[in-house]
Protein chains: 2
Amino acid sequence: MEAKTAVASLAALAQDARLAIFRLLVQKGPEGLCVGDIAAKFGMAAATLSFHLKELTSAGLLVARQEGRFIYYAPNFEGMNALVSYLTENCCGGETCAPARRPVARKRKEKIT
Amino acid sequence: MEAKTAVASLAALAQDARLAIFRLLVQKGPEGLCVGDIAAKFGMAAATLSFHLKELTSAGLLVARQEGRFIYYAPNFEGMNALVSYLTENCCGGETCAPARRPVARKRKEKIT
DNA sequence: TCCATATTTCTAGTATTATCGAAATATAGG
DNA sequence: CCTATATTTCGATAATACTAGAAATATGGA
């Protein structure tokens, strides 16, 4: 995953409403929920919700499927996985979130000061 | 970690310049880099960099330490760890990023349609 | 075809964020 | 104390994001 993509995914989740929506859908699993049900859950204007769903979808974090008159949104686990992998690989020390590869950090030679 | 906190951390990383800064510091490890060196690396105005460092720091992703006239910024691995944990626990199926707990998802009874 | 419901797109107002020059603050050394 | 360097804060501007009403589009059923 490229940095650009990571920023897009992070931005998609970096918003109260969207994180809440995403968490709700993750709970629901692959079946997801239709837009109306999500709107009901949060009581937000349809247009607003649509905007947020679009953000999450184009960031690759949700997938939509039409089912009759309803559109169901569900988490795209691959996308989320890619983000988490990116973060652990590039923004932690590798592994989990180790304080960098150094053994224990022997004292350094007293910087510039 | 609360949702609010997660949003703050995500927002801190959801920006080209800041993600780049953070990645650079993670590479450098616990010693970090002083502001001048970071500025040199990216060629951005001091004020702009200072703004971004403040964002990252108040989101709990960086820690600053003074060393003579210089201020060193280094990753706060605990903060980053907390964020990654939050994401895997709340935004994936639990574990890594499983497609939810359901076995294989037996067909559902044909929704509303 | 016509109507009702679901969802999106358009448009615009407001709010938040990013950038940067200039001024302010802090620290060290002479 | 004075100067030089490092960094932050201030203030202003430009860019981007959020919200929601109204209009448009899509789908299914009578």
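Protein chains get the first letters and strands the later ones, always in sequence-line order, with residue 1 at the start of each. No hydrogens, no waters, no symmetry mates; every other heavy atom, side chains included, goes into these values. Note that this is a predicted model, so its numbers are computed, not measured.
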Enquirer: Closest heavy-atom contact between A:F77 and B:C92?
Expert: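 That would be CE2-C, 4.4 Å.
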
Enquirer: With side chain to side chain donor-acceptor pair (under 3.5 Å) as the rule and sequence neighbours excluded, what pairs involving residues 3-15 of chain A come up?
Expert: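 For residues 3-15 of chain A: A:K4-B:D16.
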
Enquirer: To the closest 0.5 Å, what do you measure between CG (A:N76) and CG (A:N81)?
Expert: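 A:N76 atom CG to A:N81 atom CG measures 9.5 Å (nearest 0.5 Å).
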
Enquirer: If every non-hydrogen atom of B:L13 is compared with every non-hydrogen atom of A:L87, which pair is closest and at what distance?
Expert: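 Looks like CD1-CD2, 4.5 Å.
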
Enquirer: List for me each residue that meets side-chain contact (heavy atoms from CB on, under 4.5 Å) alongside A:A64, sequence neighbours excluded, and say none if there are none.
Expert: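 Partners of A:A64 under the side-chain contact (heavy atoms from CB on, under 4.5 Å) test: A:I71, A:Y73.
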
Enquirer: For B:I71 and C:dA26, give me the distance from atom CD1 to atom C1', rounded to whole Å.
Expert: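 It works out to 8 Å between those atoms.
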
Enquirer: To the nearest 10°, give me the bend of the helix from C:dT1-D:dA30 to C:dG30-D:dC1, comparing the axes of its five terminal pairs at either end.
Expert: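 Axis-to-axis angle, ends of the helix: 20°.
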
Enquirer: Got a sec? Which of residues 49-57 of chain A come in under 4.0 Å of DNA chain D, heavy atoms?
Expert: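 Residues of residues 49-57 of chain A under 4.0 Å from DNA chain D: A:F51, A:H52.
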
Enquirer: Scan residues 41-54 of chain A for pairs that pass side chain to side chain donor-acceptor pair (under 3.5 Å), counting only residues two or more places apart or in two chains.
Expert: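 Only A:R18-A:H52 qualify under side chain to side chain donor-acceptor pair (under 3.5 Å).
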
Enquirer: Roughly, in whole Å, what's the span from CD in B:Q66 to P in C:dT25?
Expert: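 Roughly 16 Å, once rounded to whole Å.
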
Enquirer: Considering only heavy atoms, which members of residues 7-21 of chain A lie under 4.0 Å from some atom of DNA chain C?
Expert: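 Residues of residues 7-21 of chain A under 4.0 Å from DNA chain C: none.
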
Enquirer: Check the phosphate of D:dA6 against B:Y72, side-chain N and O only, distance under 4.0 Å to OP1 or OP2. Yes or no?
Expert: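 No, because none of the side-chain N or O atoms of B:Y72 sits under 4.0 Å from OP1 or OP2 of D:dA6.
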
Enquirer: Within the structure, does a side-chain N or O atom of B:T48 lie under 4.0 Å from either OP1 or OP2 of C:dC20?
Expert: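 For C:dC20, OP1 or OP2 has a side-chain N or O of B:T48 closer than 4.0 Å.
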
